[in-house]
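Letters A, B, ... are given to chains in the order of the sequence lines, protein chains preceding strands, and every chain is numbered from 1.
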Amino acid sequence: MRPANKRRIADVLGGGVAVGDTITVEGWVRTRRDSKAGLSFVHVHDGSCFEPVQVVAPQELPNYQAEVLKLTAGCAVRVEGDVVASQGKGQSVELRGTRIEVVGWVEDPDTYPMQPKRHTMEYLREVAHLRPRTNIIGAVTRVRHTLAMAVHRFFHDRGFCWIHTPIITASDAEGAGQMFKVSTLDLANLPRTPAGAVDYGQDFFGKQAHLTVSGQLNVETYCMAMSQVYTFGPTFRAENSNTRRHLAEFWMIEPEIAFADLNDDAQLAEDFLKAIYARLLDERKDDMAFFEKHVDKDCVRRLAAMIEARFERMDYGDAITQLEAASARGVKFEFPVTWGMDLQSEHERYLTEEIVKGPVAVMNYPKGIKAFYMRCNEDGRTVAAMDVLAPGIGEIIGGSQREERLDRLDARIAEMGLNAADYGWYRDLRRYGTVPHAGFGLGFERAIQYATGVENIRDVIPFPRAPRQADF
RNA sequence: UCCGGCGUAGCUCAGUCGGUAGAGCGGGUGGCUGUUAACCACCAUGUCGGGGGUUCGAGUCCCUCCGCCGGAGCCA
């Protein structure tokens, strides 16, 4: 079925195929222009690179009148032809077609949703099954893939194990945020306990179950055996938040390292960001050039600057002091700055964009605003938490050293009104060979947004799930 | 969830003071050209988001519902 001389368009345009070779490409038509001098120009893309290949179709082709002149955007074609130096401008080589086979027609070109013109991102979302054929979503798709591979490559090269933490969790103690319920019970006819509550004992798992909101607690168990581990998988939040930065289903990366403290964690975060973005700039110059030209003029410069920058480290207390000083100088913040508050977006951006003018890891936050598992510092009022802030986006990574001391962990659980019995296996890790350890979390889609400048997170994931949005 | 904005042709939009609906692109036909989101001429296309109200008359004003976008909150 597949022609022996088939080549990807990336190889044709990238110099991987010699001028003079006879090859076959398979792909989809983007545009067709006719020259009555007796030939047509058909741009064909196959997803392998940003640029389409220009196929020159001479009128001598047997199906020129009947088929070639009827090609429209979206038609699937198989083209056999000779690679030749282009006579026109805009491409160095092109394909002089000797045989053009229409594999799949567009049945009604008048209503084909993808036109060779600029569409709004909102419209493209409504045709999510066809939008990967556009320049921008094609570029996003390759960037997403490249970053995903770079994530795995980074950790693999350092000896980390990728841990497939569960999607379904029955531990009712995850805490962070609204969770989606997982159940096979008949919602119209729920079993009840004598007291009248829903009887989850009759449910599939024998108890209430949810979709995971984080793989961290699970991955800590493997960290206490494999030393260096990470998760990279789907994560779910049932919050009714409708913003350009939130999804109900997104992908999260969570490394966890043993025999490590908060400084090791911050160093890992810095090395990680630099590594994945360096790889992106190296491997996807074509797509990044498109984003730089049409989406976000600063995106390439921003990544290059981050790769070169030395990440600043700043104590939360110092950050507050600096923000208070800025406020005293007349800088206006919507939310006043006081020790003990969580940093608002405006504060984070001012810190990284105006004060530090570069990436910064803010460390040691007040314990009142952070999770129970973060390690208590000796001052008694802060925990070993860190956020990595970057210009243009604010928080890009959040992490912490974990509380490895059982008595301190129990004290925090009690202090926050949680039930120690719900954390049996998590507490066990502190009873059997506990060690200092730390980790962080990164939203994969936000990392893509940061790299590309694509404003709405729904456009950097193939099929976005959000409140009232689960089509396709 | 709260605040603000938007919803008109396949797509992007215009539509004045309330008076029977327009352009560009795309599509079709023809012309022209080694073309580059080509160009020129002609042709076709509308439940003006749904419902209700005011009015002689509503795309336009009012109410309501739905959807989308932006900001905030929450966070990744």
Side-chain angles (χ1 to χ4, degrees), chain A residues 30-43 51-59 69-74 84-91 94 96 106 108-127 130 134-135 175-178 212-216 231-232 234-254 294 334-335 342-346 348 369-371 387-388 393-399 440-450 455-461 464 466-469 471:
Chain A
R30 184 154 277 149
T31 60
R32 187 199 85 229
R33 291 178 299 279
D34 303 320
S35 165
K36 282 298 189 315
L39 65 166
S40 292
F41 300 93
V42 185
H43 278 187
E51 292 294 335
V53 69
Q54 173 158 284
V55 172
V56 182
Q59 64 183 353
L69 286 180
K70 292 190 168 61
L71 287 173
T72 57
V84 298
S86 179
Q87 297 175 32
K89 292 171 184 163
Q91 60 282 319
E94 61 195 19
R96 178 159 282 272
V106 166
D108 182 8
D110 191 33
T111 56
Y112 178 62
M114 298 290 100
Q115 296 168 4
K117 59 171 285 192
R118 191 183 189 90
H119 289 293
T120 61
M121 300 307 286
E122 293 79 18
Y123 172 71
L124 291 178
R125 247 168 258 151
E126 295 171 13
V127 284
L130 298 171
T134 62
N135 279 333
Q178 291 289 311
T212 182
V213 293
S214 164
Q216 183 204 316
T231 72
F232 186 0
T235 308
F236 307 87
R237 302 280 166 86
E239 253 119 33
N240 186 18
S241 55
N242 204 320
T243 80
R244 61 190 180 88
R245 300 184 308 281
H246 289 84
L247 290 167
E249 176 183 289
F250 62 101
W251 286 59
M252 189 151 64
I253 298 155
E254 296 169 290
H294 293 291
E334 190 184 344
F335 297 87
D342 204 358
L343 297 180
Q344 302 292 319
S345 304
E346 55 175 347
E348 293 179 337
I369 58 172
K370 291 292 181 181
D387 285 344
V388 177
I393 190 175
E395 179 183 338
I396 187 167
I397 278 181
F440 62 78
L442 168 77
F444 185 50
E445 285 75 19
R446 290 191 182 171
I448 300 169
Q449 284 185 276
Y450 183 68
E455 290 189 342
N456 195 305
I457 198 168
R458 297 171 193 203
D459 302 320
V460 298
I461 189 168
R468 296 177 302 282
Q469 191 169 69
D471 295 331

Name the nucleic acid region contacted by [X], choosing base, sugar-phosphate or nothing; use a 4.0 angstrom heavy-atom cut-off, strictly under.
X: Glu445(A); result: nothing
X: Tyr450(A); result: nothing
X: Ile397(A); result: nothing

Which one, [options], comes nearest to the side chain of [X]?
X: Glu239(A); options: rG34(B), rC74(B), rA72(B); answer: rC74(B)
X: Thr243(A); options: rC11(B), rU33(B), rA72(B); answer: rA72(B)
X: Arg125(A); options: rG34(B), rC68(B), rC74(B); answer: rC68(B)
X: Gln344(A); options: rC74(B), rG34(B), rG71(B); answer: rC74(B)
X: Ser345(A); options: rC13(B), rG73(B), rG34(B); answer: rG73(B)
X: Tyr123(A); options: rU35(B), rG10(B), rU36(B); answer: rG10(B)

Taking only the [atom1] atom of each, what is the distance from [N] to [M] in whole angstrom?
N: rG15(B); M: rG49(B); atom1: P; result: 15 Å
N: rG46(B); M: rC11(B); atom1: P; result: 14 Å
N: rA23(B); M: rU8(B); atom1: C1'; result: 13 Å
N: rC63(B); M: rU54(B); atom1: P; result: 15 Å
N: rC42(B); M: rC61(B); atom1: C1'; result: 40 Å
N: rU36(B); M: rG71(B); atom1: C1'; result: 40 Å
N: rC13(B); M: rC69(B); atom1: P; result: 14 Å
N: rG4(B); M: rC65(B); atom1: P; result: 14 Å

Query raised in the report: For Pro464(A) and Leu247(A), which heavy atoms make the closest approach, and how far apart are they?
Result: CB-CD2, 4.0 Å
Report summary line: For Glu239(A) and Gln178(A) the tightest heavy-atom approach is OE2-N, 3.0 Å
Requested in this report: Taking side chain to side chain contact (heavy atoms under 4.5 Å, CB included) as the test, write out the residues that go with Glu348(A), two or more places apart.
Outcome: Leu343(A), Asp387(A), Leu389(A), Glu395(A)
What is the distance, to the nearest angstrom, from the [atom1] atom on [X] to the [atom2] atom on [N]?
X: His246(A); N: rU1(B); atom1: NE2; atom2: P; answer: 15 Å
X: Arg458(A); N: rG70(B); atom1: CZ; atom2: P; answer: 7 Å
X: Ile253(A); N: rC75(B); atom1: CD1; atom2: P; answer: 21 Å
X: Glu395(A); N: rC74(B); atom1: CD; atom2: P; answer: 12 Å
X: Asn456(A); N: rG71(B); atom1: CG; atom2: C1'; answer: 13 Å
X: Arg33(A); N: rU35(B); atom1: CZ; atom2: C1'; answer: 5 Å
X: Glu126(A); N: rG7(B); atom1: CD; atom2: P; answer: 14 Å
X: Glu122(A); N: rC13(B); atom1: CD; atom2: P; answer: 8 Å

For the backbone of [Y] and the side chain of [X], can you confirm whether one donor and one acceptor N or O come within less than 3.5 Å of each other?
X: Glu249(A); Y: Pro234(A); answer: no
X: Arg244(A); Y: Ile457(A); answer: no
X: Arg125(A); Y: Asp459(A); answer: no
X: Glu94(A); Y: Val55(A); answer: no

Query - Quiz item: Glu94(A) side-chain donor-acceptor pair to rG34(B) base, under 3.5 Å - result: yes
**Report entry** Polar side-chain contact Glu51(A)-rU36(B) base: donor and acceptor under 3.5 Å
**Finding:** no
**Report entry** Pair Phe232(A) and Phe444(A), ring centroids less than 6.0 Å apart
**Finding:** yes
Requested in this report: Hey, which sits more toward the 5' end of RNA chain B by its nearest nucleotide, Thr120(A) or Phe250(A)?
Outcome: Thr120(A)
Requested in this report: Between Gly441(A) and Thr31(A), just flag the one whose closest nucleotide in RNA chain B comes earlier from the 5' side.
Outcome: Thr31(A)
Report task. Run through Val42(A), Leu39(A), Val84(A) and flag the one making a side chain to side chain contact (heavy atoms under 4.5 Å, CB included) with Val56(A). Result -> Leu39(A)
**Report entry** Base versus backbone protein contacts along nucleotides 22-31 of chain B [heavy-atom cut-off under 4.0 Å; B, S, -]
**Finding:** --BBBS----
Do [X] and [Y] have a side chain donor and acceptor closer than 3.5 Å?
X: Asn135(A); Y: Arg30(A); result: yes
X: Ser86(A); Y: Gln54(A); result: no
X: Gln469(A); Y: Arg458(A); result: yes

Query raised in the report: What would the secondary structure line of RNA chain B be in dot-bracket form, counting Watson-Crick and G-U wobble pairs under 3.5 Å, with [ ] for pairs that cross earlier ones and | for pairs with another strand?
Result: (((((((..((((.....[..)))).(((((.......))))).....(((((..]....))))))))))))....
Query raised in the report: For rG34(B), does OP1 or OP2 lie under 4.0 Å from any side-chain N or O of Ser35(A)?
Result: yes
Query raised in the report: Do any side-chain nitrogens or oxygens of Arg245(A) fall under 4.0 Å of OP1 or OP2 in rA72(B)?
Result: yes
